[in-house]
Student: 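One structure follows; several queries about it will come next.
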Amino acid sequence: TPIQNDLCEFYALL
Amino acid sequence: MFEAKISQGSVLKKLVEALKELVTEGNIDVSPSGMSLQAMDSSHVCLVSLVLRDDGFDHFRCDRNMPMGIHFANFSKILKCAGNDDAITLKAEDNADQLTLMFESSNQDRISDFDLKLMSIESEHLGIPDQDYSAEIKMPASEYQRIVRDLTSIGDTVLISATKEGIKFSTSGDVGTANVTLRHNTTSEKQEEHTIIDLKEPVALTFALRYLKNFSNATALAPQVKLSLTKDLPIVVEYQVGELGNIRFYLAPKIDD
């Protein structure tokens, strides 16, 4: 099943 | 000190209505170049980014950068006390623990002021790079709202696929399936009715519908909405707020595990 990813996996936390 | 006046106060009311269901609280950063906000929802799945430029305001002064920690449901309560035709002035002293909002009716016969308590919020900032997207689609904001509302009644997730044929929204659920395809269309004399599909390469991504529906709370802000898609990256749903700036929503895709 598709999983909902965390945005932090795509963009770096500053 | 910080002071900003916007004669079209309804814009501020609509902005807060657009994001208050998504984010409970966040820092509005004020600087001499304007106001901005970046806030994630509690599950870290989506993010709201708001940019309002200083020159979009009727008057704007900010002597030093500062974050204003805002509880958006409380901000909304106060903004609901402003008339739709009121001018709104925001004021805060440096390092203040409150934001003063002044509402003036259009014929200036009624003036009211409210103080909103500010909060100290430790915010996380994400670095979002400027990038080229595989597909950028501009469409009427009302059309986007209709599609996500209709599909939400059928399923939980939507597959958005952009090809040279158009942009297709597909979902399925207990009641059955649904597909809506929009084609590139610039025949109307009114630009806000156009659908413009700028495709560099075909792309297909799956998203949770309830967030996409939530983003459509910004429909009243702009006649058009822009969707930006790239494989394995969050979708960007952007509304231009006149000359003032823009509000963008980012939503992480669902990826097959």
Side-chain angles (χ1 to χ4, degrees), chain A, chain B residues 22-23 26-27 29 36 38-49 67 122-131 133 155-160 170-172 204-212 214-215 228-237 248-257:
Chain A
T1 49
I3 53 158
Q4 186 74 61
N5 292 70
D6 192 306
L7 266 181
C8 304
E9 293 169 29
F10 300 93
Y11 302 127
L13 267 174
L14 297 180
Chain B
L22 221 49
V23 291
N27 281 323
D29 295 305
S36 64
Q38 206 197 70
M40 272 190 276
D41 77 305
S42 55
S43 59
H44 278 204
V45 167
C46 65
L47 176 142
V48 184
S49 165
E122 214 160 294
S123 63
E124 294 166 313
H125 248 69
L126 290 183
I128 301 170
D130 278 334
Q131 61 184 94
Y133 287 90
D156 296 328
T157 63
V158 61
L159 173 68
I160 304 179
S170 308
T171 190
S172 61
L205 289 165
T206 302
F207 299 98
L209 268 166
R210 70 185 179 99
Y211 292 100
L212 293 179
N214 215 315
F215 302 163
S228 302
L229 295 159
T230 289
K231 186 178 184 318
D232 295 342
L233 275 185
I235 185 174
V236 188
V237 178
R248 289 178 182 161
F249 301 96
Y250 296 79
L251 174 64
K254 281 176 174 279
I255 294 174
D256 285 326
D257 201 3

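So that the names make sense, note that chain A is the first sequence line, chain B the second, and so on, each numbered from 1. Values below: every heavy atom of this structure, side chains too, minus hydrogens, waters and symmetry copies.
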Student: State, to 0.1 Å, how close A/Tyr11 and B/Gly127 come at their nearest heavy-atom pair, and which atoms those are.
Tutor: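 Smallest heavy-atom distance, with atoms named: CB-O, 3.5 Å.
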Student: Quick one: CD on B/Glu124 to SG on A/Cys8, what's the gap to the nearest 0.5 Å?
Tutor: 6.0 Å
Student: Can you find a pair of side-chain heavy atoms, one from B/Val45 and one from A/Leu7, that are under 4.5 Å apart?
Tutor: no
Student: Is it the case that more than 12 heavy atoms not belonging to B/Glu122 sit under 6.0 Å from its CD atom?
Tutor: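 Count not over threshold, so no.
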Student: Measuring from atom CD1 of B/Ile255 to atom CD of A/Glu9, what distance do you get when rounded to the nearest 0.5 angstrom?
Tutor: 7.5 Å
Student: Within this structure, what is the NE2-CG distance for the pair B/His44 and A/Leu13, rounded to the nearest 0.5 Å?
Tutor: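 The NE2 atom of B/His44 sits 7.5 Å away from the CG atom of A/Leu13.
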Student: Do you know the tightest heavy-atom contact between A/Asp6 and B/Ser43?
Tutor: OD2-O, 4.5 Å
